[in-house]
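What follows is one structure encoded as structure tokens, with my remarks underneath.
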Amino acid sequence: MEQENILNEPIKKSLNFIEEIIEKDLSEDTYQGKVHTRFPPEPNGYLHIGHAKSICLNFGLAKKYNGKCNLRFDDTNPAKEDVEYVDSIKEDVKWLGFNWDNEYYASDYFPQLYSWAVQLIKEGKAYVDDSSQEDISKGRGVPTQPGTESIYRNRSVEENLDLFEGMKNGEFADGSRVLRAKIDMTSPNMHMRDPIMYRILKTEHHRTGNQWCIYPMYDYAHGQSDSIEGITHSVCTLEFEVHRPLYNWFCDALAIHHPKQVEFARLNLSYTVMSKRKLLQLVQDKLVMGWDDPRMPTISGMRRRGYTPESMRNFAETIGIAKRDNTIELSLLEFCVRENLNKKANRTMAVLNPIKLILDNYPENSFEELEAVNNPEDLETGKRKISFGRELWIERDDFMEEPSKKFFRLSPGNEVRLKYAYIIRCNSVEKDSEGNIVAIHCDYIENTKTGESESGRKVKGTIHWASVAHARKAEARLLDKLFLSYDPEDAEEGKTFLDNMNPESMTVIEGYIEPKLINESPLATYQFERIGYFCIDKDSTADKLVFNRTVTLKDGGAKR
RNA sequence: UGUCCUGUGGUGUAAUUGGCAACACGUCUGAUUCUGGAUCAGAAGAGUUUAGGUUCGAGACCUAACAGGACAACCA
């Protein structure tokens with residue numbers, strides 16, 4: 001059903017700069033009229049909203065130009081990777097609504113990569129370096145100063161071949177030797193100063209097991225992987241811009257299909273931690289329930305929070321693609337979510353901060369069933385019955401003993417409508433010995449029920465409610481703004497980002513909700529009338545529904 | 001004191017490739033509404049980092065400056 005939506009999405013009018021590049025290549029027939037992209041995550045963590053931008057871009061380009069898009073796992077560093085991550089990545093990409101044309105792994109190319117390395121050695125373009133990590137680092141110099149050549153740089157081809165084979169066969173200890181490309185130690189681009197191609201790592205790989213003990217570095221693996229797959233446009237983020245000359249160098253040196261690397265600015269969201277490293281720390285330190293904690297900016301977290309794939313695709317489309325650094329305001333993401341949910345989510349009445357309201361003139365032990373529409377934005381969703389009685393729960397915030405001029409909900413002597421029910425008038429307030437309000441006494445006004453003769457009567461406000469005799473308890477997690485209320489501007493000096501996070505970014509409260517919801521499966525999302533959108537969490541049990549607040553209504557709804 | 005990239009309202013993204021800056025979010029009005037939501041109507045807000053230059057004409061081209069970002073992992 002998501003696939004259906006995706007086809008109905010509007011086509012953008014103006015081209016982004018990547019589309020311009022593609023159209024130019026198409027018109028010049030650079031790649032035989034083909035467009036082939038790929039989404040290449042390293043399976044070392046869960047995907048987040050930033051990846052969603054990249055996914056929508058890569059799959060979107062393929063779709064727009066009738067091309068293909070691969071899912072490729074950049075699994076060249078077994079120390080950090082795990083199958084758990086590849087599984088989650090596949091699930092998240094699918095959930096977002098995309099199907100990849102091919103599922104590939106960089107690790108499948110290890111044999112080819114190895115023989116290409118041998119080829120480069122034979123051509124005198126690569127050598128084995130025995131220097132320590134420290135010496136290699138020193139020899140590379142600094143960005144403003146050229147590096148110096150390694151004393152192992154001019155070994156014979158035979159010796160290099162022999163040593164490299166030894167590396168592959170596990171004859172040397174981790175870190176004792178590396179294979180380097182022989183380029184230019186004086187290049188102003190650090191990445192061209194004899195970059196490392198292979199390192200020794202006697203670590204089990206999640207796919208190749210112990211078959212290999214040398215692993216290719218990103219720069220040596222990525223371009224060639226693109227090449228093998230026949231990628232035409234290798235879209236990546238800005239920080240890889242300086243890697244492009246090296247990407248090109250390997251393709252040229254090997255004389256293989258040469259894709260075009262194009263870089264765009266990654267997504268930054270206000271108040272949102274987007275670094276995989278930090279997100280991993282949150283998970284490991286158990287500051288969140290897991291990668292899919294609804295406060296996490298991960299795709300799985302946002303899914304659990306009730307965000308829809310359609311809204312996330314819309315968001316990706318709306319923010320656009322460019323090369324300048326950017327910080328998107330959370331309000332735009334929230335707008336996309338509300339826009340989508342307003343049409344899709346059924347309404348329900350829930351009271352999250354209850355106070356008792358008693359209708360003195362309503363008969364005791366008498367109840368009636370009222371009709372409520374499930375979604376005013378989509379009348380085809382029908383109506384439901386809700387029970388009404390003498391004692392009700394209403395939102396504490398909907399009553400003010402001494403109202404301010406702008407307050408037009410319930411206050412002594414004032415009239416207000418109970419949604420789908422009667423207009424009521426407040427008579428008195430019942431307090432305990434300490435002066436706290438324990439109940440509000442009202443009279444209902446006859447014939448003012450929805451649809452009845454007096455129902456046209458004007459009142460300033462409408463409030464929601466739940467019948468004390470019928471309502472069910474529910475737990476609501478009031479999640480703060482995405483995702484941990486972290487703002488680098490406010491962060492205190494010398495503290496880690498963890499210290500600077502708002503510890504109250506998830507408040508759990510108990511309230512009351514209509515007894516029968518249309519759908520009680522996890523991820524079912526409702527709009528709590530006048531409050532916000534909430535979705536049912538997987539932690540729900542038969543006796544207690546747990547909700548995550550997806551997003552508030554604009555201006556906070558009734559919380560205003 | 002290096003190389004590369006980028007600089008358009010508060011935030012993003014555009015501008016038919018040189019013809020006095022558009023769209024979205026946000027903000028603020030008003031109308032309407034049995035959700036202070038939604039919907040509808042409207043407003044404010046940039047003269048495009050700066051200074052020169054080319055041109056009848058520049059946000060777009062050139063030069064310089066300034067500002068921000070990236071690059072010194074046997075990470076990706």
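Predicted model, so just to flag it, every value in this text is computed and none were measured.
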Shortest non-hydrogen contact between A:P245 and A:V242, atoms and distance
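Heavy atoms only, the tightest pair is CD-O, 3.4 Å.
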Tell me whether the rings of A:F388 and A:Y422 are parallel (<30°), tilted (30 to 60°) or perpendicular (>60°).
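Rings of A:F388 and A:Y422: tilted, as their planes differ by 30° to 60°.
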Students often mix this up, so state it plainly: with edges at 30° and 60°, are the rings of A:F73 and A:Y105 parallel, tilted or perpendicular?
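Aromatic pair A:F73/A:Y105 classed parallel.
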Just checking, is any N or O donor in the side chain of [X] or [Y] under 3.5 Å from an acceptor N or O on the other one?
X	Y	result
A:S131	A:D129	yes
A:T237	A:E239	yes
A:Y46	A:E84	yes

Looking for any heavy atom pair under 4.0 Å, which part of the strands does [X] touch: base, sugar-phosphate only, or nothing?
X	answer
A:R140	sugar-phosphate
A:Q133	base
A:S131	base
A:K323	sugar-phosphate
A:Q527	base
A:K406	base
A:P216	sugar-phosphate
A:H243	base

Quick check on contacts: within residues 198-206 of chain A, what sits under 4.0 Å from RNA chain B by heavy-atom distance?
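Nucleic-acid contacts, sorted: A:R199.
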Say you pick atom [atom1] in [N] and the same atom in [M]; how far apart are they, in whole Å?
N	M	atom1	value
B:rG37	B:rG57	C1'	49 Å
B:rU55	B:rA21	P	24 Å
B:rC23	B:rA46	P	16 Å
B:rA38	B:rA44	P	22 Å

In chain order, what residues pass the side chain to side chain donor-acceptor pair (under 3.5 Å) check against A:Y220, with sequence neighbours excluded?
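Partners of A:Y220 by the side chain to side chain donor-acceptor pair (under 3.5 Å) criterion come out as none, since no residue qualifies.
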Please report the distance, rounded to the nearest Å, between NZ in A:K554 and C1' in B:rC25.
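Answer to the nearest Å: 10 Å.
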